[in-house]
Amino acid sequence: MKLIKKIIAELGGDEAHAVTVCPGKLAYLRGVKAVDTFTPEKIAVVSGKNLVTVEGRGLAVAEYFEGDMTIEGAVERVCFE
Amino acid sequence: MNSFTRIKITASPRSALAKLSRAGIPVRGCEKQGARFAFGVPDKMVKKVFAIFASPCYNIVIDREGPFSRFKRLCARRAFLVAGGALFVAAAVLSNAFVLRIEVTGSGAYLKNPVLSELHSLGVERFTLWRGVNEPALVSRVLALPDVVFCSVQKRGSVLYVDVQTEEGSASPADYSPLKSDCRGVVESIVAVSGTPLVVAGQSVRRGEELIGAYFLSEGEKVPCMAAGYAVLSCMASVSYAAARESEENLRSAYAAALLYVGDERITASSHTVSRNAEGVVYTVEYTYLHTLSINFG
């Protein structure tokens, strides 16, 4: 995680609203404020000013606490709006 | 380690997660199961979750309790069983603090009584609290017993094991009989290493009288043990020596006869008388000697 943190910092990104994706396995989202959609094929959350949509198959929220969310399942696509 | 309880609620994941997030409740394993939303929360948060969804609009049920909660409920349901189990464990632990049995093992197992008496003298008895034993003292005392070549003490659970090994092929096992006088006399001295001395110095004893008893007294009761020690008796005896005529040589022979009877014992006083008969003279030598008797000693 330190490496990712360093990379995000060097790229000038916002770590508080970072999204880490392991394709086909999981997605890790930070700064989640609310859940917009929750189905096994699509989970959409509000993170900062963005609506982050994770699409795939058999999606489930493995953990959600203090804005940190881990989505498990066959993650196929992540969109930002 | 947190134990999680699985909850099912008839509500949209969106609103349910929003409420849980606002309340700062960590959730895991969120799944949509048809109209229901299933999720896991730490056991200690279950009441809080039910409070959040207390409104009749929500149909909330516990799907599966966490292992800790299940264990707690099991304990509550079977309180007597748990109490019994706890009592058993406590009794087992407590019994380890006591000596409930003393086992004398090894080739010297026949020395159980003297070993028990040594333990008793060191303050170790059955059904007493185990405070340890002065092992060097016990070992040295047991090693002083006849034929003992090795001794070790070990407490396992509530049993105290004393391993006693005796010399292989030793002639005979220890004598458990008391020390008895084999002649009349006066006690000069008495030493009882084990057992109970029954006479004191200066006391007259008869033949067959017990000098050292094969027991020790514990709270007024006789506890059998091996008698070990010795006694010195001052005994009187006389010997007659017949000779054809009275002479210095014959007198010396008469005293020599007395020495022959005494053997290794020491004569402390002697005197003689001479009487005449038809065949010559008879020397009668009267003497006092120190006679040493011992049992399981030396």
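The figures that follow rest on heavy atoms only: side chains count, while hydrogens, waters and symmetry mates do not. The sequence lines fix the lettering, A, B, ..., with proteins before strands; numbering per chain opens at 1.
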Region of I25(B) in contact with chain A, defined by heavy-atom distances below 4.5 Å: backbone

What are the residues of residues 73-81 of chain A, in order of number, with any heavy atom under 4.5 angstrom from a heavy atom of chain B? none

Inter-chain polar pairs, chain A versus chain B: which donor-acceptor atoms lie under 3.5 Å apart?
{"from": "V61(A)", "atom 1": "N", "to": "C30(B)", "atom 2": "O", "distance (Å)": "3.2"}
{"from": "V61(A)", "atom 1": "O", "to": "G29(B)", "atom 2": "N", "distance (Å)": "3.1"}
{"from": "V61(A)", "atom 1": "O", "to": "C30(B)", "atom 2": "N", "distance (Å)": "2.5"}
{"from": "A62(A)", "atom 1": "O", "to": "G29(B)", "atom 2": "N", "distance (Å)": "2.8"}
{"from": "Y64(A)", "atom 1": "N", "to": "V27(B)", "atom 2": "O", "distance (Å)": "2.8"}
{"from": "Y64(A)", "atom 1": "O", "to": "V27(B)", "atom 2": "N", "distance (Å)": "3.0"}
{"from": "Y64(A)", "atom 1": "OH", "to": "S21(B)", "atom 2": "OG", "distance (Å)": "3.2"}

Could you list the residues that satisfy side chain to side chain contact (heavy atoms under 4.5 Å, CB included) with F71(B), not counting sequence neighbours? C75(B)

With sequence neighbours excluded, what pairs up with A16(B) under the side chain to side chain contact (heavy atoms under 4.5 Å, CB included) test? F37(B), F53(B)

Calculate, to the nearest 0.5 Å, the distance between atoms CD1 and SG belonging to I43(A) and C30(B) respectively. 8.5 Å

